[in-house]
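All ligand and atom numbering here is 1-based and tracks the order in the structure. Side-chain atoms are counted along with the backbone in the values below, which use heavy atoms only and exclude waters and symmetry mates.
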Amino acid sequence: MSQSLQLFTAYSRSPNLTVPTHSDLNPTHTRRFPVTVFPKLTLKASLSSSASSSSSDLDPSSSPVLVSGNGAGGVLSAATQAYAPPAVVSSDSSSIEVDSVKEAELKENGFRSTRRTKLVCTIGPTTCGFEQLEALAVGGMNVARINMCHGTRQWHRSVIERVRRLNEEKGFAVAIMMDTEGSEIHMGDLGGAPSAKAEDGEIWTFSVRTFDSNQPERTINVNYDGFAEDVKVGDELLVDGGMVRFEVIEKIGPDVKCKCTDPGLLLPRANLTFWRDGSVVRERNAMLPTISSKDWLDIDFGIAEGVDFIAISFVKSAEVITHLKSYIAARSRDSDIAVIAKIESIDSLKNLEEIILASDGAMVARGDLGAQIPLEQVPSVQQKIVQLCRQLNKPVIVASQLLESMIEYPTPTRAEVADVSEAVRQRADALMLSGESAMGQYPMKALAVLRSVSVRIEKWWREEKRHDPMELPDIGSSYSDNISEEICNSAAKMANNLGVDALFVYTKTGHMASLLSRCRPDCPIFAFTSTTSVRRRLNLQWGLIPFRLSFSDDMESNLNKTFSLLKARNLIKSGDLVIAVSDMLQSIQVMYVP
Ligand SMILES: Nc1ncnc2c1ncn2[C@@H]1O[C@H](COP(=O)(O)OP(=O)(O)O)[C@@H](O)[C@H]1O
Ligand SMILES: C=C(OP(=O)(O)O)C(=O)O
Ligand SMILES: [K+]
Ligand SMILES: [Mg+2]
């Protein structure tokens with residue numbers, strides 16, 4: 001500690017002091033799996049490597065952008081080479097816990113090349129097994145998402161159990177996000193059929209009636225009772241945001257006759273919107289509860305299972321989030337389940353700032369959003385949400401169709417790579433896979449693409465110093481909070497100016513870690529926290545490498561202990577330059593590792 005330099009110490013003074021439609025363009029007609037299969041040209045030689053080594057997976061300087069291999073196995077084995085034997089998982093107070101994949105990445109490439117953008121994978125039939133989950137974790141999954149629209153609670157419970165077991169046995173810190181169904185209007189189950197083809201000019205009946213086993217031909221059940229009343233003859237009915245289109249031609253009691261105007265494949269439980277005079281119709285369906293009675297039961301399930309995040313679909317106002325948060329606080333043991341607001345409706349855009357302020361994070365849910373606003377508005381809305389979340393210090397996930405074509409194909413389109421790059425460039429906290437990992441043919445490859453594109457783009461923008469500094473407003477509600485913010489802003493700026501190797505933050509609740517993450521510094525942030533649940537939650541935030549470590553209020557001894565533990569594991573070495581902050585002692589320390 002002889003080389004440590006105490007720059008300043010700002011003790012909290014008085015805790016009582018407080019400082020302060022749619023246009024005429026319809027959504028572009030994109031086809032989704034498996035409507036029409038166009039042969040895809042691939043430029044393997046220029047874009048993917050034939051045999052990827054572990055270091056090329058992780059080190060952007062030496063790797064081609066994409067990882068190739070034959071199916072999941074190829075990518076898994078490539079990634080596994082970098083993955084050290086399971087970390088010693090122990091609650092011994094003298095030990096330190098770090099994600100074993102992150103540990104391998106740090107050892108392999110040093111601090112600078114670690115990935116900052118976090119990755120969320122939706123778990124579905126193709127990834128629910130223990131081995132597939134492990135492969136995803138090894139491939140960089142930070143958060144596993146389960147979507148309560150699909151599957152039974154028993155199925156979801158088994159996924160949660162497997163992820164927990166994986167964390168315990170193999171030293172991962174994969175967090176679990178439960179996503180509610182919400183009161184969207186969707187089709188029924190197609191009488192058990194995997195899909196149904198609607199041809200141009202065909203007449204189909206959409207009905208609020210339910211059918212037991214014998215569903216009449218070309219008849220679709222709709223889950224929303226007010227459907228027949230709300231639609232009008234002449235309305236346009238969009239399946240999945242425009243994958244298939246119908247025109248309403250006649251209403252007969254509970255049945256609505258529609259003519260197919262854009263043919264395509266209908267998938268079970270596909271989302272439905274209806275449009276009139278160029279905008280989405282919100283009649284009584286706008287009054288549907290954000291959290292349905294089924295959602296409340298799912299939320300109880302999520303609380304009982306101790307999930308880390310609950311994502312709420314079709315949030316319309318801040319009140320629903322506030323209400324849910326107090327419900328969780330009253331019921332969950334440590335009330336530490338974070339609530340993520342999914343921004344995917346017109347109302348959520350109207351009340352954006354207050355919704356984000358009330359939440360613990362947000363998701364740009366582009367799937368439904370793109371069915372409710374014109375598609376050409378989605379990119380600017382995405383950028384706005386990402387920026388606002390960073391200003392308000394809430395983690396933000398960019399979701400849906402990032403690598404949609406990889407549901408069927410082993411390489412992404414160039415346009416998809418560009419879309420992923422843009423989200424990384426905007427420095428969203430996390431990117432999410434949906435169908436690509438839930439039911440696609442190449443879940444591991446899709447994850448590998450997110451990983452390699454993230455690392456490459458992050459490095460490129462860091463080297464080019466192309467990031468515009470963002471004005472970060474004061475967000476604290478007390479003077480002490482403001483001090484913490486100033487410390488983090490200054491520490492991050494110093495870290496960039498001095499080119500330090502890492503920022504260290506000792507944090508009980510994770511707040512100081514998120515304040516540092518908000519600054520998006522050039523170096524990674526080692527976040528030390530004493531609880532496993534805080535550590536898992538920090539896994540959603542940009543640039544944070546969360547460690548579990550018991551620490552005291554004495555920074556000197558914390559630092560000494562951390563240095564020796566990390567040195568023993570070859571994660572840092574003498575001479576590395578580190579800046580440390582903590583939420584116990586409001587100070588910034590700059591020092592070389594002794
Ligand atoms: N638990 C599950 N069981 C079965 N299929 C699932 C499950 N989760 C996701 N899927 C499949 O993956 C697709 C994409 O997932 P997601 O985007 O989360 O749902 P949605 O398409 O309903 O918005 C779903 O349409 C569904 O086909
Ligand atoms: C992520 C989304 O929500 P879900 O997959 O639950 O429809 C979305 O609509 O983009
Ligand atoms: K959902
Ligand atoms: Mg949605």
Ignoring hydrogens and angles, state whether a donor on the side chain of [X] or [Y] is under 3.5 Å from an acceptor on the partner side chain.
{"X": "Asp179", "Y": "Ser313", "value": "yes"}
{"X": "Ser454", "Y": "Arg456", "value": "no"}
{"X": "Thr117", "Y": "Glu458", "value": "yes"}
{"X": "Arg366", "Y": "Gln401", "value": "no"}
{"X": "Glu422", "Y": "Gln426", "value": "yes"}
{"X": "Asn393", "Y": "Ser514", "value": "yes"}

*Mind checking what makes side chain to side chain contact (heavy atoms under 4.5 Å, CB included) contact with Ser359, not counting sequence neighbours?*
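Checked Ser359 against side chain to side chain contact (heavy atoms under 4.5 Å, CB included); matches are Ile321, Ala341, Ile355.
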*asked:* Test of understanding: with side chain to side chain contact (heavy atoms under 4.5 Å, CB included), list the residues that count as partners of Arg157, not counting sequence neighbours.
replied: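 With neighbours one apart ignored, the set is Glu161, Phe301, Glu305.
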*Restricting to N/O/S, name the atom of Asp179 that gets closest to the K ion (ligand 3).*
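Within Asp179, restricted to N, O or S, the K ion (ligand 3) is closest to atom OD1.
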_Tell me whether Lys325 at atom NZ has more than 12 heavy atoms from other residues, nucleotides or ligands lying less than 6.0 Å away._
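For Lys325, atom NZ is crowded (more than 12 foreign heavy atoms under 6.0 Å).
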*Give a yes or no on this: more than 12 heavy atoms of other residues, nucleotides or ligands lie within 6.0 Å of atom NZ of Lys384.*
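No, not enclosed.
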Taking a 3.5 Å cut-off between nitrogen or oxygen atoms, can you list every pair linking ligand 2 to the protein, with distances?
| residue | atom | partner | partner atom | Å |
| --- | --- | --- | --- | --- |
| ligand 2 | 3 (O) | Lys342 | NZ | 2.9 |
| ligand 2 | 5 (O) | Arg145 | NH2 | 3.2 |
| ligand 2 | 6 (O) | Arg145 | NH2 | 3.2 |
| ligand 2 | 6 (O) | Lys342 | NZ | 2.9 |
| ligand 2 | 7 (O) | Asp368 | OD2 | 3.0 |
| ligand 2 | 9 (O) | Glu344 | OE1 | 2.9 |
| ligand 2 | 9 (O) | Asp368 | N | 2.9 |
| ligand 2 | 9 (O) | Asp368 | OD2 | 2.8 |
| ligand 2 | 10 (O) | Ala365 | O | 3.4 |
| ligand 2 | 10 (O) | Arg366 | N | 3.3 |
| ligand 2 | 10 (O) | Gly367 | N | 2.7 |
| ligand 2 | 10 (O) | Ser400 | OG | 2.5 |

*Using a cut-off of 2.8 Å, find all protein N, O or S atoms closer to the Mg ion (ligand 4) than that distance.*
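Within the sphere that stays under 2.8 Å of the Mg ion (ligand 4), the protein atoms of type N, O or S are Glu344 OE1, Asp368 OD2.
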*Counting backbone and side-chain atoms alike, does Asn147 have an N/O/S atom under 3.4 Å from the K ion (ligand 3)?*
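Yes.
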